There are 2 protein chains.
Amino acid sequence: MRLDALDQRIIAELMRDARASYADIGAQVGLSAPAVKRRVDRLRAAGVIKGFTALVEPSALGWTTEAYVELYCTKTSPAEILACVAKHPEVVSACTVTGEADALVHVLASDVQHLERVVERIAAEPCVVRTKSVIVLSRLLSRAATAPGEPAVAAAPMAAAR
Amino acid sequence: MRLDALDQRIIAELMRDARASYADIGAQVGLSAPAVKRRVDRLRAAGVIKGFTALVEPSALGWTTEAYVELYCTKTSPAEILACVAKHPEVVSACTVTGEADALVHVLASDVQHLERVVERIAAEPCVVRTKSVIVLSRLLSRAATAPGEPAVAAAPMAAAR
DNA sequence: ACTGAAAATCGATGACC
DNA sequence: GGTCATCGATTTTCAGT
């Protein structure tokens, strides 16, 4: 699907505040509320906008330990790796990567003991030969992506030196 | 701040759909709309909910290349590393980690040429001695975290074998 | 095809209990 | 926290460009 400048600005506004009213977004980009709604509906139907979510402080949900785990697998079919990792709810993201490892998964755990159990569970998957983990010491930055041309003003600055 | 079961369910609903009405959320969790709003306002004021954002297909914004870059730094002060990486808009997340590297940053780029320039720019930072990148081949899974006790039903299943 | 205007419905939100 | 009332937002319809 082709996005024009108005679509991109609407998306930027929604990334900045997903609960903004269509009227407010329209005021920012120069459209009426119905026109904004029609475009958002179109963007959602096209799969450009996948949904709207709340940004929650992970520690408030009980996630105080975070790790990135490299997986070395027997079979490197992406679908099989996905099936292996998706069943563990602590896995928040996973991708296949270049380099020695086959996949990199991002894991949240309530503490290091929990993390250890999760890594053991993942390592016990048939397709996983071994794992290599790095534990996150402190999260420095976490923001939404803007469009390549755009300035970074639309990025949600939830940067925190906790 | 202390979250009770109702707060957690409200957060789960907002993570599932940040544009849900307070009445809809209330129907799910068994509260009236004003009661839900009061709790959400409280959660926002407490910093538990940091904001609301749209989940956008990165490729639609022009991001087709993704990488994780390990940084080896001279000074490992988290604040200095944050200052080094935050100025690059392509960096979407960064954290200090255990292991050989000092930090791990997640980078989005429009293509591999762009990625190369970004990594060069980061590597040229005074605090960075060297970098080690892995390029993402395919994103398998990307979902929101639920609370440790909760089932993973609230996780947004944007899993795709692209 | 996409826009804005108008109208009806629905949601947000403050006052009060 | 619930109820109610008000105000604003959403969403459909319709017509203009």
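All values below were derived from every heavy atom in this structure, side-chain atoms included, with hydrogens, water molecules and symmetry-related copies excluded. In this text the structure is predicted, and so the values were computed from the model without any measurement. Quick note on labels: first sequence line is chain A, next is B, and so on, each numbered from 1.
For the pair B:Arg139 and B:Tyr68, the cation-pi criterion (under 6.0 Å, within 45° of the ring axis) is not fulfilled.
As a whole-Å value, the separation of A:Leu31 CG from C:dG4 C1' is 10 Å. Distance CG (B:Asp24) to C1' (C:dA12): 13 Å, rounded to an integer number of Å. Going from atom CG of A:Asp41 over to atom P of D:dT11 covers 7 Å, rounded to whole Å. The interatomic distance linking A:Tyr22 (OH) with D:dT10 (C1') rounds to 8 Å, in whole Å. Atom pair B:Asp17:CG and C:dG11:C1' shows a separation of 14 Å (rounding to whole Å applied). Rounded to whole Å, the distance from CG on A:Asp4 to P on C:dC2 is 9 Å. Atoms CD1 (A:Ile25) and P (D:dG8) sit 19 Å apart, rounded to a whole Å. Atom NZ of B:Lys37 and atom P of D:dA5 are 20 Å apart (whole Å).
The A:Pro34 side chain lies nearest to D:dT11 when the options are C:dG14, C:dG11, D:dT11. With C:dA12, D:dT13, C:dT13 as the choices, the nucleotide that has an atom nearest any side-chain atom of A:Arg38 turns out to be D:dT13. Here D:dT10 is the nucleotide among C:dA12, D:dT10, C:dT3 with the atom lying nearest to any side-chain atom of A:Ser21. The side chain of B:Ala35 lies closest to D:dG1 when the candidates are D:dT10, D:dG1, C:dT13.
The phosphate of D:dT10 (OP1 or OP2) has a side-chain N or O of B:Arg19 nearer than 4.0 angstrom. Contact between the side-chain N/O atoms of B:Arg39 and the OP1/OP2 oxygens of D:dG1 is found at a separation under 4.0 Å.
One finds the CZ atom of A:Arg117 at 8.5 Å from the CD atom of A:Glu90 (value rounded to the nearest 0.5 Å).
In this structure, A:Lys87 pairs ionically with A:Glu125, as a charged nitrogen and a carboxylate oxygen lie closer than 4.0 Å. By the 4.0 Å N-to-carboxylate-O rule, A:Arg39 lies close enough to A:Asp4 to be salt-bridged with it. A salt bridge is defined here as a Lys NZ or Arg NE, NH1 or NH2 lying under 4.0 Å from an Asp or Glu carboxylate O, and B:Arg42 with B:Asp7 meets this definition.
Counting non-hydrogen atoms under 4.0 angstrom, B:Ser32 reaches a base of the nucleic acid.
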